[in-house]
Visitor: 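Have a look at the structure that comes next, please.
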Amino acid sequence: MTNNQDINWEERKFWASALILSGMCANYAHPSASSSRAKDAVWLADQLIHIITASSVSNNIKDNQQYSKSL
């Protein structure tokens, strides 16, 4: 996949939300209603997808001279 049009972002959002929600539900230190956890998980998945699709992140970090020295 070479560009963002080739990726099914709704499916990615679903899986990201499911993984985030499972982590939130497994955290017994911070109990909350499951409905609010689900909404938070979807919101976090949206934020994650936004970051992934941002042009500054979508560039290969190894090709960026600024970061190649620290690797």
Visitor: Sorted by first residue and then second, give each side chain to side chain donor-acceptor pair (under 3.5 Å) pair with at least one member in residues 13-24; sequence neighbours left out.
Guide: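 Qualifying pairs, neighbours excluded: Lys13-Asp46.
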Visitor: Only counting residues at least two apart or in another chain, list the ones meeting side chain to side chain contact (heavy atoms under 4.5 Å, CB included) with Leu19.
Guide: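 Partners of Leu19 under the side chain to side chain contact (heavy atoms under 4.5 Å, CB included) test: none.
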Visitor: For Ile20, which residues count as a side chain to side chain contact (heavy atoms under 4.5 Å, CB included) partner, sequence neighbours excluded?
Guide: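 Side chain to side chain contact (heavy atoms under 4.5 Å, CB included) check on Ile20 returns Met24, Ala41, Leu44, Ala45.
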Visitor: Flag yes if Leu48 and Trp9 sit in one hydrophobic cluster, no otherwise; membership is Ile, Leu, Val, Met, Phe, Trp, Tyr, and two members link when side-chain heavy atoms are under 4.5 Å apart.
Guide: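 Looking at the clustering, Trp9 is in the same group as Leu48.
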Visitor: Would you mind listing every salt bridge (charged side-chain N to carboxylate O under 4.0 Å, His left out) that reaches into residues 16-25, with sequence neighbours excluded?
Guide: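 Every candidate salt bridge (charged side-chain N to carboxylate O under 4.0 Å, His left out) pair involving residues 16-25 fails, so no pair, neighbours aside, qualifies.
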Visitor: Side-chain heavy atoms nearer than 4.5 Å, only ILVMFWY residues, links allowed to pass through others: does that put Ile7 and Ile49 together?
Guide: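 Ile7 and Ile49: one cluster.
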